[in-house]
Amino acid sequence: MKQRLTYALASSAACIALAAWLVPYAPTPKAEGIGKIEVLGTIQGQYSAYVTRWLDTDEVRQLLPQIKMNSIPEILGRYPEGRLTYWIKTDYNGEPLYLYYYPPEFYVTYNGRWMHRLCGSEDAVQRLHEICLDACEQELADTIYW
């Protein structure tokens, strides 16, 4: 009887841990912990420039807590195929957080250890994408007319 109870408790704990590991979660649950935001964009696929001056960092700060990432990470050394369009760099409670956009997907690196795919939260991701692409276009226009 005691052995069955121990087995039941151990298997229940394992199931709960597995479910917690597989469920998507937000790397930045509160906007208050988000530090300085920088965005580096690839302009016409040829060079990279900081485009932070062209975007509303307060809006980005409000969108980040709405974004959820997959709990199952990928190895950091394996970057996705395709060209990097832009990345967002910030810190959350002193830990570095990067969001990379390799078309057609976003990836998150938190603590610099693992790369995660974004999961769910399509509206927030779409709005973030629009903000960053607009900033890249404004940087390109500024470069052409400068």
Side-chain angles (χ1 to χ4, degrees), residues 6 8-146:
T6 304
L9 288 174
S11 61
S12 296
C15 288
I16 291 170
L18 181 63
W21 187 58
L22 294 176
V23 172
Y25 68 98
T28 58
K30 294 182 181 177
E32 293 81 36
I34 298 172
K36 180 180 175 186
I37 295 173
E38 294 180 340
V39 178
L40 182 76
T42 303
I43 311 301
Q44 288 191 327
Q46 297 182 11
Y47 69 94
S48 297
Y50 283 97
V51 297
T52 310
R53 65 186 173 141
W54 300 109
L55 55 89
D56 181 5
T57 56
D58 291 331
E59 186 175 3
V60 173
R61 186 171 279 109
Q62 295 304 316
L63 286 170
L64 287 177
Q66 300 173 32
I67 294 174
K68 297 194 182 326
M69 67 184 190
N70 212 349
S71 297
I72 301 172
E74 297 180 15
I75 297 173
L76 184 59
R78 184 181 161 265
Y79 285 97
E81 294 192 21
R83 298 182 77 102
L84 176 66
T85 304
Y86 54 84
W87 60 257
I88 301 167
K89 175 187 173 190
T90 187
D91 66 286
Y92 184 69
N93 291 333
E95 297 290 336
L97 174 76
Y98 298 91
L99 282 88
Y100 300 94
Y101 180 67
Y102 286 93
E105 291 190 73
F106 269 100
Y107 294 86
V108 177
T109 301
Y110 185 61
N111 281 339
R113 294 189 185 114
W114 302 99
M115 185 172 273
H116 302 260
R117 291 179 193 268
L118 291 188
C119 183
S121 55
E122 285 82 14
D123 293 339
V125 170
Q126 180 61 33
R127 181 64 189 132
L128 188 64
H129 181 60
E130 291 169 0
I131 291 170
C132 291
L133 281 183
D134 186 49
C136 290
E137 289 173 6
Q138 288 183 26
E139 177 67 26
L140 175 63
D142 187 58
T143 305
I144 290 172
Y145 296 116
W146 199 73

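The first residue of the sequence shown is numbered 1, and numbering continues consecutively from there.
When all heavy atoms are compared, the tightest approach of C136 to V51 is CA-CG1, 4.1 Å. The minimum heavy-atom distance linking I34 with P65 is given by the pair CD1-CD, 4.1 Å. Taking every heavy atom of both residues into account, T52 and I37 meet most closely at CG2-O, 3.3 Å. Scanning all heavy atoms of the two residues, the minimum distance from E59 to I131 falls at CD-CD1, 3.5 Å.
Looking at S48, its side chain never comes within 3.5 Å of a backbone N or O of T42 through a donor-acceptor pair. Although no hydrogens or angles enter the test, the distance criterion places a donor-acceptor pair under 3.5 Å between the side chain of R61 and the main chain of G35.
Taking the six-membered ring where tryptophan is involved, the planes of W87 and Y50 are perpendicular, since the angle between them exceeds 60° and thus also 30°.
Residues D142 and W54 are in side-chain contact: their nearest non-hydrogen atoms beyond the backbone lie under 4.5 Å apart. Inter-residue side-chain proximity for L64 and L99 is flagged as met; some heavy-atom pair is nearer than 4.5 Å.
For D134, the side chain to side chain donor-acceptor pair (under 3.5 Å) partners are Q138, not counting sequence neighbours.
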Might you work through the side chain to side chain contact (heavy atoms under 4.5 Å, CB included) test for K89 and L40, ending with a clear yes or no? CA-CA 8 Å; K89 175 187 173 190; L40 182 76; over 6 Å; no
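In this structure, L128 CG and L133 CG are separated by 9.5 Å, a value rounded to the nearest 0.5 Å. Distance check, rounded to the nearest 0.5 Å: CD of E95 to OG1 of T90 gives 12.0 Å.
Screening D91, I88, V108 against L97 for a side chain to side chain contact (heavy atoms under 4.5 Å, CB included) leaves a single residue, V108.
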